[in-house]
2 protein chains.
Amino acid sequence: MARPVQQRSIQTRDRLLQVAGAMALDQGLAGLRTEAIVERAGVAKGTFFAHFPDKDHLVAELVARRMAGLIPTDAPNVAGFLAGLEPLFALMTAEAEVLDILARFAGPAGQAAGLDVVICDLIAAQAGQLGALQGLGLVRPSPDPATLAEGVFAFLLHAAASAQCPISAPDRLARQQAARDLLARLVSAWIT
Amino acid sequence: MARPVQQRSIQTRDRLLQVAGAMALDQGLAGLRTEAIVERAGVAKGTFFAHFPDKDHLVAELVARRMAGLIPTDAPNVAGFLAGLEPLFALMTAEAEVLDILARFAGPAGQAAGLDVVICDLIAAQAGQLGALQGLGLVRPSPDPATLAEGVFAFLLHAAASAQCPISAPDRLARQQAARDLLARLVSAWIT
DNA sequence: CATAAATATTGACCGTGGTCATATTGCAAG
DNA sequence: CTTGCAATATGACCACGGTCAATATTTATG
């Protein structure tokens with residue numbers, strides 16, 4: 001018989017996520033240790049892996065939660081659309097782990113813990129905006145909005161990745177600004 | 001005094017790469033174990049890490065060597081340019097590890113073991129081709145060839161990633177074909 | 001050739017992610 | 001209540017990447 005999920009189970013899972021999220025805030029995602037999470041959550045290590053297939057899936061869910069709040073809503077024009085990418089770009093470049101997880105779960109690993117859903121939502125939202133801008137004649141009509149949105153996401157990842165690459169510039173801030181410019185250049189050339 | 005690198009050192013390094021490359025051919029990149037590599041190469045584990053900062057750097061070098069032979073040369077027209085992307089796409093989707101390493105080293109980790117150089121070469125080569133095609137009026141003139149090439153690379157990564165994502169389609173072959181179509185759609189919309 | 005210094009190699013050791021047989025807890029039926 | 005079973009939790013254990021003080025080898029120099 002298929003019995004429903006017990007309360008304590010989702011409580012445990014939530015506590016793990018909450019604890020991990022809190023720890024990630026002051027140690028960074030890269031500093032997360034399962035042992036430490038488990039200890040502070042008051043459960044055994046095995047319990048962790050009963051709720052998450054591996055550590056990366058928990059991290060992916062943390063990233064997904066962060067991303068979920070950053071999906072842009074409205075965009076009266078192209079400049080507004082570009083501005084809406086800023087928080088996402090900031091998230092992706094804030095910690096190297098974020099991009100790592102995104103690259104791994106937005107593609108290869110698939111079926112992440114909610115991350116794929118968030119990304120789909122994001123792309124759908126962007127497609128909606130781009131479609132509206134197409135209607136206003138502010139965005140080129142040729143590829144359909146969904147394709148445009150997918151391309152924007154690809155550029156977001158690429159630009160964020162280049163922000164981390166020490167080759168382009170030694171200084172971290174300079175790299176980030178260069179990557180920001182790259183993103184604007186790519187996206188505006190893509191959608192207009 | 002800065003003494004030159006000893007012969008045995010580059011021999012050891014080469015043997016490690018050769019052995020790892022051979023093992024990767026029949027076990028896949030994901031199946032590589034440093035212990036196994038080291039054993040078959042006849043060196044101690046510490047020696048491995050004296051030559052490579054970590055396992056991923058060795059894998060990155062293997063991937064770089066594979067990629068180096070796939071850099072497209074000529075492209076009489078847009079269709080030819082698209083066709084030149086095919087081997088790269090095939091490499092990226094052949095093993096999930098390849099994409100993982102690319103995503104990690106083309107961006108975040110930076111200063112990979114030659115991978116970054118190969119990628120720069122690739123982008124430069126593509127920029128050359130796109131510039132020529134611009135001259136022929138076959139590619140849109142607006143973004144400079146370097147930007148166009150960078151965008152193409154971003155799309156390559158994105159399409160390859162989507163080929164691995166189980167969400168799009170359950171069947172592996174169908175996914176790969178869908179991703180191939182996506183790549184063609186994105187790139188042709190990007191460069192024309 | 002002797003010797004010292006730089007280079008290269010070694011392998012025991014460690015941290016951490018992940019597994020699994022076992023124990024415990026919650027729930028529903030008798 | 002209690003009995004039986006599925007869901008959940010446990011923690012000793014393992015695999016594997018990576019470290020480092022010690023050792024061996026090469027090379028430059030007097």
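Each chain gets a letter, A, B and so on, in the order its sequence line appears, and its residues count up from 1. As the structure is a computational prediction, the values presented were derived from the model and not from experiment.
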Short side-chain N/O contact to C:dT9 OP1/OP2 from B:H51, under 4.0 Å: yes
Pairing residues for B:F49 by the ring pair (Phe, Tyr, Trp, His ring centres under 6.0 Å) criterion, not counting sequence neighbours: none
Qualifying side chain to side chain donor-acceptor pair (under 3.5 Å) pairs with a residue from residues 64-76 of chain A, counting only residues at least two apart or across chains: A:R66-A:E95
Integer-rounded Å distance: C:dT25 P and A:Q6 CD: 12 Å
Distance-minimising heavy-atom pair for A:L29 and A:L62: CD2-CD1, 4.1 Å
Length of the CG-P vector between A:L16 and D:dT8, whole Å: 14 Å
Side chains of residues 179-192 of chain A: which donor-acceptor partners sit under 3.5 Å, not counting sequence neighbours?
residue: A:R180; atom: NH1; partner: A:E86; partner atom: OE1; Å: 2.9
residue: A:R180; atom: NH1; partner: A:E86; partner atom: OE2; Å: 2.2
residue: A:D181; atom: OD1; partner: A:Q177; partner atom: NE2; Å: 3.3
residue: A:R185; atom: NH1; partner: B:T147; partner atom: OG1; Å: 2.8
residue: A:S188; atom: OG; partner: A:A184; partner atom: O; Å: 2.6
residue: A:S188; atom: OG; partner: A:R185; partner atom: O; Å: 3.4
residue: A:W190; atom: NE1; partner: A:L148; partner atom: O; Å: 2.9
residue: A:T192; atom: OG1; partner: A:S188; partner atom: O; Å: 2.5

Pairing residues for B:F48 by the ring pair (Phe, Tyr, Trp, His ring centres under 6.0 Å) criterion, not counting sequence neighbours: B:F52
Whole-Å gap separating P (D:dT27) and CD (B:Q7): 8 Å
Partner set under side-chain hydrogen bond (donor to acceptor under 3.5 Å, both in side chains) for B:R8, not counting sequence neighbours: B:Q6
Five-pair end axes of the helix from C:dC1-D:dG30 to C:dG30-D:dC1 and the angle they enclose, rounded to 10°: 0°
Name every donor-acceptor pair, under 3.5 Å, that has one atom in a side chain of residues 32-43 of chain B and the other anywhere in the protein, sequence neighbours excluded.
residue: B:E35; atom: OE2; partner: B:K45; partner atom: NZ; Å: 3.0

Upstream residue (5' side of DNA chain D) when A:T12 and B:R8 are each assigned their closest nucleotide: A:T12
Of residues 17-24 of chain B, the positions that come close to DNA chain D - non-hydrogen atoms, cut-off under 4.0 Å: none
Co-members of the apolar cluster containing A:I10 [side chain, <4.5 Å]: A:V5
Nucleic acid contacts - residues 36-43 of chain B versus DNA chain C, non-hydrogen atoms under 4.0 Å: B:V43
Provide a list of protein-nucleic acid N or O atom pairs under 3.5 angstrom, restricted to nucleotides 17-19 of chain D.
residue: D:dG17; atom: OP1; partner: B:K55; partner atom: NZ; Å: 3.2
residue: D:dG17; atom: OP2; partner: B:T34; partner atom: N; Å: 3.1
residue: D:dG17; atom: OP2; partner: B:T34; partner atom: OG1; Å: 2.5
residue: D:dG17; atom: N7; partner: B:K45; partner atom: NZ; Å: 3.0
residue: D:dG18; atom: OP2; partner: B:K55; partner atom: N; Å: 2.7
residue: D:dG18; atom: O6; partner: B:K45; partner atom: NZ; Å: 2.9

Any residue meeting side-chain hydrogen bond (donor to acceptor under 3.5 Å, both in side chains) with B:Q176, in chain and number order, not counting sequence neighbours: B:T93
Distance, rounded to the nearest Å, where A:F52 contributes CZ and D:dA9 contributes P: 11 Å
D:dA7 phosphate, OP1 or OP2, under 4.0 Å from A:S9 side-chain N/O: no
Flag, side chain of B:E61 to backbone of B:G114, donor-acceptor distance under 3.5 Å: no
Between D:dA9 (C1') and A:Q11 (CD): distance, integer Å: 14 Å
B:R15 CZ - C:dT9 C1' separation (whole Å): 12 Å
Heavy-atom closest pair, residues A:A125 and A:I71: CB-CG2, 3.7 Å
